[in-house]
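Notes for the one structure printed next.
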Amino acid sequence: MLIIQEIATHPFSDQKPGTSGLRKKTVVFEKNSNYLENFIQAIFNVVGVSGKTLVLGGDGWYFNYQAIQIIIKMAAANGVTQLLIGQNGLLSTPAASHIIRKYKTDGGIILSASHNPGGQEGDFGIKFNISNGAPAPESLTNAIYEETKKIRVFKIANAPDIDLSQVTTLTLENMTVSIIDPIVDYVELMRQIFDFSLISDLLKSGFSMTYDALNAVTGPYAVEIFENQLGAPKGTVVNAMPLQDFGGLHPDPNLTYAKELVLKMFSQNAPDFGAASDGDGDRNMILGKGFFVNPSDSIAILAAHASLIKGYHNNMFGVARSMPTSGALDKVAEKLNLKIYETPTGWKFFTSLMDANMITLCGEESFGAGSNHIREKDGIWAVLFWLNILAQKRQSVSDVVQNHWRIFGRNYYTRHDYENVEAEIAQHIMQNLLDTLPSLQGKEFGSYVVNKADDFSYTDPISDEQAIHQGIRILFDNGARLIFRLSGTGTQGATIRVYIEKYESDFVKQNMDSQEALKELILIAENISKIKELTHLDAPTVIT
Ligand code: G1P
Ligand code: ZN
């Protein structure tokens, strides 16, 4: 028999969800009793889940299983009608978004701290996605946060754990629990968009690829798609097993953390194509033989080739990029006569444009790209998009990128992160920058003249919701830009991100190293912000 308990609890004042839900050190969830329960009950209270169907799954890292069992019992106690749970508690973020949409559910809970380190020493995260498959909008996450500060009781069923290892349907008193295959629906969606037989021909033609799942959630998806369905040799997917601590790897696909892959792609016997995704499967990194594709360029290249892809042929509404993402996409939009939108950082700003059929493709500089097939960014989708382009063009990755620069010009781009800075110092640096904005107007820095300097804000064209303080922009006459913003996803200290960009239309000057090409602008950024002096760091912690 199911016994529903109402358990007294106390509110936590630190459960404010950031850019991608609530993300904390795992020990915070483990050591503070009812920390998870509080946040889940706050979601349930605000959303009103009685009689609803929800999706539940995560990336499989430490605490995933225990958290799922607690949420199942809380869902039953709160009157949820049906839960769709990925087998073994696994669902990549893109697959969860798709399942929420495909089965017309009322939303879902995704357990992941995305690209942060996992394990007992690492991070854990929870986010709520709404019925269109998109991350909850700010108005909802704010309401959930307000609820976490007041909450006094949570409801939980006194029931045994549920076996998540078999695809089956069970009942927990009045609630149906459907354990679903986490992969099939996603693969079917990819087949609708991309030409699998063309990609398969490429992979069987001597073209070699490697995909690094970094021991995170995309492993099983990648093995099914690249090896089983497209016919790439066994072993194409490396680190394919989702592990609770990612086998000690940091599941963030960038030049710093995906070291093994980067070394392989820059070695003598590098394969033709290399890719990786992050902990929950929404990010992507693309490499060619000895060649790294900057994510901002990647989005522009996908948009420029969309007409080659089955799912997007004659089917493009418009495109969007986050403000700090380079202007490479703008050049494509201009030439192809596509509408382009510049949004604040974070996927949720794209999704309302998608719902209104204003955009089809979008992306961020932070290794995120996606389309209106779901309402999250999608790592494996981006890899398939690249493979589909390569299968059509039969060119190397570097040729595709260099040809793109020749046609559209090159946006030299880099991001410098200063991590683990004391919060007060980071605030002080941002405040100083804000205070100097008026004096920067028209100022000359060598050959760079400031055209506009502002604090970026955005009004959603559909909801009219305003997002303010979304980053400081210094825009120069020649199209160069410097952007400063604070990260919203870190769990330790503050991270200041500095984004540096300049445009080069002359193709003879397009093959420089980007740090070299941007040297002068990097110094200007450091001088204006005094970032090294104030953080006592003599170099950024991560350079992309
Ligand atoms: C980072 C990225 C941002 C992305 C977010 C979630 O956020 O910069 O583009 O949307 O992760 O993946 P940040 O830490 O900069 O707030
Ligand atoms: Zn992620």
Side-chain angles (χ1 to χ4, degrees), residues 16-23 57-61 91-97 110-118 123-127 129 134-136 138 141 213-214 216-218 221 242 246 250-254 257-258 276-285 295-296 298-299 320-326 342-351 362-370 374-382 413 415-421 426 430 456 467 469-472 483-499 541-542 544:
K16 187 162 177 59
T19 334
S20 317
L22 178 69
R23 207 172 283 181
D59 51 20
W61 53 16
L91 276 179
S92 74
T93 290
S97 180
I110 305 175
L111 305 174
S112 170
S114 184
H115 51 282
N116 293 16
D123 296 346
F124 188 77
I126 308 171
K127 68 177 179 174
N129 281 31
E138 204 131 325
T141 55
L214 297 166
V217 79
T218 58
Y221 294 85
F246 307 120
H250 186 157
D252 196 0
N254 62 34
Y257 297 125
S277 188
D278 69 330
D280 64 329
D282 58 356
R283 294 187 171 199
N284 77 88
M285 174 162 73
S296 291
S298 179
I299 299 152
R321 64 163 171 83
S322 68
M323 182 276 282
T325 303
S326 96
E342 185 180 40
T343 59
T345 296
W347 208 256
K348 58 191 171 207
F349 297 100
F350 295 136
T351 58
C362 55
E364 298 190 277
E365 48 64 44
S366 52
F367 298 85
I374 53 171
R375 294 294 181 273
E376 289 275 6
K377 56 191 175 237
D378 192 343
I380 289 187
W381 168 90
Y413 186 81
R415 185 177 102 182
H416 288 194
D417 294 335
Y418 293 79
E419 295 178 325
N420 212 350
V421 176
M430 294 305 285
F456 183 64
H469 300 311
Q470 296 296 317
I472 285 169
I483 319 285
F484 299 85
R485 63 175 282 281
L486 290 182
S487 155
T489 59
T491 55
Q492 203 158 7
T495 295
I496 307 171
R497 305 203 195 282
V498 188
Y499 310 79
T541 26
V542 179
T544 306

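When reading the values below, keep in mind they use all heavy atoms of this one structure, side chains included, and skip hydrogens, waters and symmetry mates. Atoms within a ligand are numbered from 1 in the order they appear, just like the ligands themselves.
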Any N or O of W347 closer than 3.5 Å to N or O of ligand 1: no
Looking only at non-hydrogen atoms, which of K377, R497, R485 approaches atom 12 (O) of ligand 1 most closely? K377
Short side-chain to backbone donor-acceptor contact, R321 and M323, under 3.5 Å: yes
Kindly confirm or rule out an N or O of R283 lying under 3.5 angstrom from an N or O of ligand 1. yes
Heavy-atom closest pair (W61 atom, P117 atom, distance to 0.1 Å) is CZ3-C, 4.1 Å
Taking distance alone, with no angle check, do Y499 and ligand 1 share an N/O pair under 3.5 Å? no
For the residue pair N129 and P135, establish whether any side-chain heavy-atom pair is separated by less than 4.5 Å. yes
Quick look: S487 vs ligand 1, heavy-atom contacts under 4.0 Å, and the answer is both
If I apply the N/O under 3.5 Å rule, does G488 come out as touching ligand 1? yes
Closest candidate by heavy atom, reference atom 4 (C) of ligand 1, pool H115, E376, M323, E364: E364
Main-chain N/O of Y221 paired to T218 side chain as donor or acceptor, under 3.5 Å: no
Please confirm whether the backbone N or O of E419 pairs with a side-chain atom of T495, one donor and one acceptor, at under 3.5 Å? no
Does R415 have a heavy atom less than 4.0 Å from any atom of ligand 1? yes
So F350 and E364, do their side chains get closer than 4.5 Å, heavy atoms only? yes
Atoms of ligand 1 close to T345 [distance to a heavy atom under 4.0 angstrom, numbered from 1]: 3 (C), 9 (O)
Please compare P295, S366, P324 and report which has the shortest non-hydrogen distance to atom 9 (O) of ligand 1. S366
Looking at R283, is its backbone amide N or carbonyl O close enough to the side chain of D278 to form a donor-acceptor pair, meaning the two atoms are under 3.5 Å apart? yes
Would you call G346 a ligand 1 contact, heavy-atom distance under 4.0 Å? yes
